[in-house]
Amino acid sequence: MVSKVLVANRGEIACRILRACSEAGLESVAIYASNDADSMFVELATEAIMLEGDSISETYLNQQQILEIASSSGCDAIHPGFGFLSERADFARAVGDSGIQWVGPSPEAIEKMGDKMTARITMRHAGVPVIPGEEIEQEDEGEALRAIEQASSRVGYPLLLKASSGGGGKGMRAVQRPDELLDAAKSARREAVAAFGDGRVYLERLLTGSKHVEIQILADRTGRTIHLGERECSVQRRHQKVFEEAPCATMTEEIRSAMGQAAVAAAQAVNYEGAGTVEFLLAPSGEFFFLEMNTRIQVEHPVTELVTGVDIVREQLRIAAGQPMSCGELHLRGHAIEVRLYAEDASNNFLPAIGPLAVFRPPEGPGIRLDTGVRQGDEVTPNYDPMLAKLIVWAPSREEALQRMRRSLDDFVVLGTTTNLRFLRELCDVPDVITGDTDTTMIDRLWPNGWSPAVPPNFTDGALLVAAAAESAGLNMSLSVSNQMVGDSGPVSPFLTLNRRYP
Amino acid sequence: MVSKVLVANRGEIACRILRACSEAGLESVAIYASNDADSMFVELATEAIMLEGDSISETYLNQQQILEIASSSGCDAIHPGFGFLSERADFARAVGDSGIQWVGPSPEAIEKMGDKMTARITMRHAGVPVIPGEEIEQEDEGEALRAIEQASSRVGYPLLLKASSGGGGKGMRAVQRPDELLDAAKSARREAVAAFGDGRVYLERLLTGSKHVEIQILADRTGRTIHLGERECSVQRRHQKVFEEAPCATMTEEIRSAMGQAAVAAAQAVNYEGAGTVEFLLAPSGEFFFLEMNTRIQVEHPVTELVTGVDIVREQLRIAAGQPMSCGELHLRGHAIEVRLYAEDASNNFLPAIGPLAVFRPPEGPGIRLDTGVRQGDEVTPNYDPMLAKLIVWAPSREEALQRMRRSLDDFVVLGTTTNLRFLRELCDVPDVITGDTDTTMIDRLWPNGWSPAVPPNFTDGALLVAAAAESAGLNMSLSVSNQMVGDSGPVSPFLTLNRRYP
Amino acid sequence: MQHQFKGHDGLIEVLLEKQGDHWLFNGHTARVKDSRTLSLDLSDGTTGQATVVKVKDAWWVHFQGHTFCLERIEPGTSDGGDEGGLTAPMPGKVLEVLVQTGDVVVAGQALMILEAMKMEHRIVAATDGTISAVHFAAGDQVQQGSALLELVE
Amino acid sequence: MQHQFKGHDGLIEVLLEKQGDHWLFNGHTARVKDSRTLSLDLSDGTTGQATVVKVKDAWWVHFQGHTFCLERIEPGTSDGGDEGGLTAPMPGKVLEVLVQTGDVVVAGQALMILEAMKMEHRIVAATDGTISAVHFAAGDQVQQGSALLELVE
């Protein structure tokens, strides 16, 4: 039985989960750091409890404190969302030991998939294709380097060195020629030790021109494990996805079926429970290889929800409560695209940006979904991830979905903080995106020297005119307000300036 | 070819159509009365042209003026939306005669379905079941009354008198006993003459306890006519729908198939083209009877879009351009519910209300669609229909859709103008709504003496506390603003007060 | 503080208490979060955010799916400790300014006299304090809601 | 009127003309719709709504999918005919009030002197007109954006 869920997360995914709890008739508890006191997700829970401490490790990563809050507030389940503690097997184990239901797979499944070398070996045993390569078991530096050298000739060049505990590109090195190998191996190990306290690396053949395609999995305790089709997430900048879609434009029924079966086999190999994602590299040849499994809900889950009609978060809650998943036979319908709106300067190497969301006006109309944890008047701070929102569109066809995405991005107004809106909009006009011929190196290939916006000269003139006219017409009355409202919750409240006149 | 579309409508349906044009890459022209200059739909068109004149007949019903604007602005198509000129055969004919494409069926189809007596006869010939009854062809009052009296004994009591040109309950009388017949017939004819200049009436058996179920139709010029399943719209107040869903909760595959075939036959009988709706009464016995056909897009089309995945407005535009419709084989998926948010006092016989939308904050989250033509800061005036928005939710099951609708209505904040939000919210808890046992008399049956909200006493106390605290804390600074911003466009612009200090 | 609202069956009196930044009434507690939002904590344990806005004389309140429109009765004179009193209650004309910048005033003291809707209205100090600014002079037209004076406690 | 903005390669000068309620620059036209929206009519026939907001010194503008952040260079003195001049350009203190309600003034005439950021700023009339209200007196503290005086053309 699950009746009261603690959501151990913040921002848009906390909003997503808290609303699902509300619709499912479950009570919910939000936990928040003091700098999140006015954030939207805090308002969506039945109860909200402030975390003591300042840094992330004292708050959202503080297992002990979160467990105590869960117990004292009478929660019988914890949903970790993604990031933070979602893939910490020790936390999942501690939650279970406290008699609280973990909304996710067993600690053992998290461990097996969390160590990439173990995952490769497990998958190979389960008959799931992995990227040709070799694990290096030696821990001693000298022995490891010798083993890497020997393995490299078997794997072949170009190759990829990857840290077993790695993630987000850390401890990863592409090696083009044998003479680069030793330096690359040493630096990859150094980085991996620094970042994860674990220098183990493995070698993989470097597959260029491949697509990143992943399969959504659901498994319940009745023994049913199904896949919900694929998502393509090849369009990445700095190893982070920005443009995701379902289905994959170049997918065939045969590959989908084979990949889906492989993903189900991967999940069953670790007795998986709940929602998870098996990531593959899909080579132009149609061959695909296991990359890793994410043992949690994924940022891009909405595109799968829109084409399958399955509410993945509701199913997570059902499965955690011991119920069978509710979805029956699945049919993919239409096409969904998600873009990630970041507070970042796409024209300056995607550097994170901060500032007030002086105007935050999402697009409207049918087929548009916005998953966000911010609203107009909020402040973007350097404290957390700079993702502001996920804009997701659905349409009957991929062409119509791209049309709808273009209009949605054109209509999306965010002022006061630099965002990647225009970068996302230009992506929609890239020929490779239009044809679906995207691969993981596309952005680097298209903009080797960095991206900068193509602005019609007349538009720059027009913007100057607007700014000058607004200044002359005295619209800068809003100036003081934009500053005052910063950090304030609720819909924009420009009256604070006035109110503050009366101390 | 269609390249530039004039939208001869206003409000939310104009927004819906203009966005569809934008996504389809079509240019668009909005026409607006001067009191709509700051309305949202005006901003969504490629061009916006103001109509001269004040009253509706001088503006949105002014065929001549609209045709001239269409010609002079180079439009090659006119989309009439619903209401206004959408079912005026003479306008459809004039549009066609000007060489402009009418987005809708032929003038002949509109005429045949517009006159209800003709429609009954046409349907009977096409083999579509109509409600047992008789048409009264006599025009002379004395002869007509005699014919009505004779027909009444064949039709049986209780019966319904309906004006042939009627609509919206005008010229309609329920007659329970023979001694009420003559008075009812005279007054129905009087009302019909006054409202439509046409006193012809017909008799129908009064079918109590029936559901209002309608079938969405699409027909293109390649000869393909399909139905998109049913909508149930039984929940009505004052003959107007407020709660619509797809599919109908009690529908069987057999009835859907038979009703769908009847609807397709009805459309084919008038060589229908475009989107249309065939309305039926569905008796508890499973028998169904033709009510009327609406030869235009319908207010409640979104629920069909959400369960079929068809973008009906895009298909209208395709069909008008002479292209085949794009949708293939249809599968209904999940459940969609629409409620109509009206500016009205549900506790005072649903009397329309006016006022500023001082706060207008729609619910957020997956599976929610809002079709609206207003935003915070707009003024609700007595000039037009008091419908503010359509809130539509989709979920995998009817139970989940109701859960989502409850949460959405709880989260929807509209302040400054009285709305039916709470009435809609209480509807979601009515046992007949939960089981799906709704019929057209449900609201009258549930609240024979009118509806009033059930408010927990603590909540009233809480609201008083909030109002008193807000007053004491000086939050009424917003007072002057709420008044000033009225009639202003854009996001709330409380600075107008200040700006206006400088003339 | 005391406020009066129009109820279905006559006047409703709300006797408001203040403790720190909390407002109390009948065992319920409210706290201002921003100019449109209050946190509400009812005596039965129900908690949540209320949204509030004033339109003309009425406070509109939304709380957990319920909407209230509470028409406030302005006290006959404005010396009822009304803190909103330093703004113009309606459009009108300044008849007389009774203080100047720097004056020390006591709660209840008349500060300005307005003429509006053919009536005279006294603007009185809600608290003791010092006048830090006077925004209008005799003869000036004022709009509804205009800030008339500033008073620092 | 003239405004300066920071460009990638130095200063950009915008020489603004006003005709009725239209603002003109380089053959393009803009009209204020409300405090956040202007209608824009470019010389190539492109028309649409622009959304605008000022944050600190920068004007943020959105037009048809493009976002601009234009940092404005404040003129050294404020007698450049800037109509925004009747509001306080930054927080500060009123040093001197040079006019009173009812005074007839001409464009360019100094109306008030502010001290802010260790500098004196003259508030000048943008047009000929009559002073209809003076909101602050010498010695008053003002906030950035506060309306200082009212001028009726």
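Below, chains carry the letters A, B, ... as their sequence lines are ordered, and counting in each starts from 1.
- In terms of modelled atom types and a separation under 3.5 Å, the side chain of B:K390 and the main chain of B:V299 share a donor-acceptor contact.
- Ring planes of B:W451 and B:W447: perpendicular class, angle over 60° (limits at 30 and 60°).
- Cation-pi geometry between B:R10 and B:Y384 is met: under 6.0 angstrom from the ring centre, within 45 degrees of the axis.
- Only the backbone of C:T29 comes within contact range of chain B, judged by heavy atoms closer than 4.5 Å.
- In terms of non-hydrogen atom pairs under 4.5 Å with chain C, the most contact-rich of B:V413, B:D411, B:L409 is B:V413.
- Ranked by non-hydrogen atom pairs under 4.5 Å with chain C, the options B:L415, B:V414, B:D410 are led by B:L415.
- Within the 4.5 angstrom heavy-atom criterion, atoms from both the backbone and the side chain of C:F63 approach chain B.
- B:Y342 has its ring centre no less than 6.0 Å from the ring centre of B:F350.
- Contact annotation for B:S408: neither backbone nor side-chain heavy atoms come within less than 4.5 Å of a heavy atom of chain C.
- Looking at C:L24, the atoms closer than 4.5 Å to chain B (heavy atoms on both sides) all sit in the backbone: N, CA, C or O.
- Panel note: side chain B:N349, backbone B:L351; no donor-acceptor pair is recorded below 3.5 Å.
- If you tally non-hydrogen atom pairs under 4.5 Å between each of C:T67, C:T46, C:L40 and chain B, the highest count goes to C:L40.
- Contact of B:T418 with chain C is made through backbone and side chain together, with heavy-atom distances under 4.5 Å.
- Top candidate by heavy-atom pairs under 4.5 Å with chain B, chosen from C:D41, C:V14, C:V32, is C:V14.
- For chain B, the nearby part of C:A50 is the side chain; its heavy atoms alone come within less than 4.5 Å.
- Considering every non-hydrogen atom in both B:T435 and B:R398, the closest pair reads C-NH1, 4.2 Å.
- In this model, no donor atom of one side chain and acceptor atom of the other lie less than 3.5 Å apart for B:S397 and B:E399.
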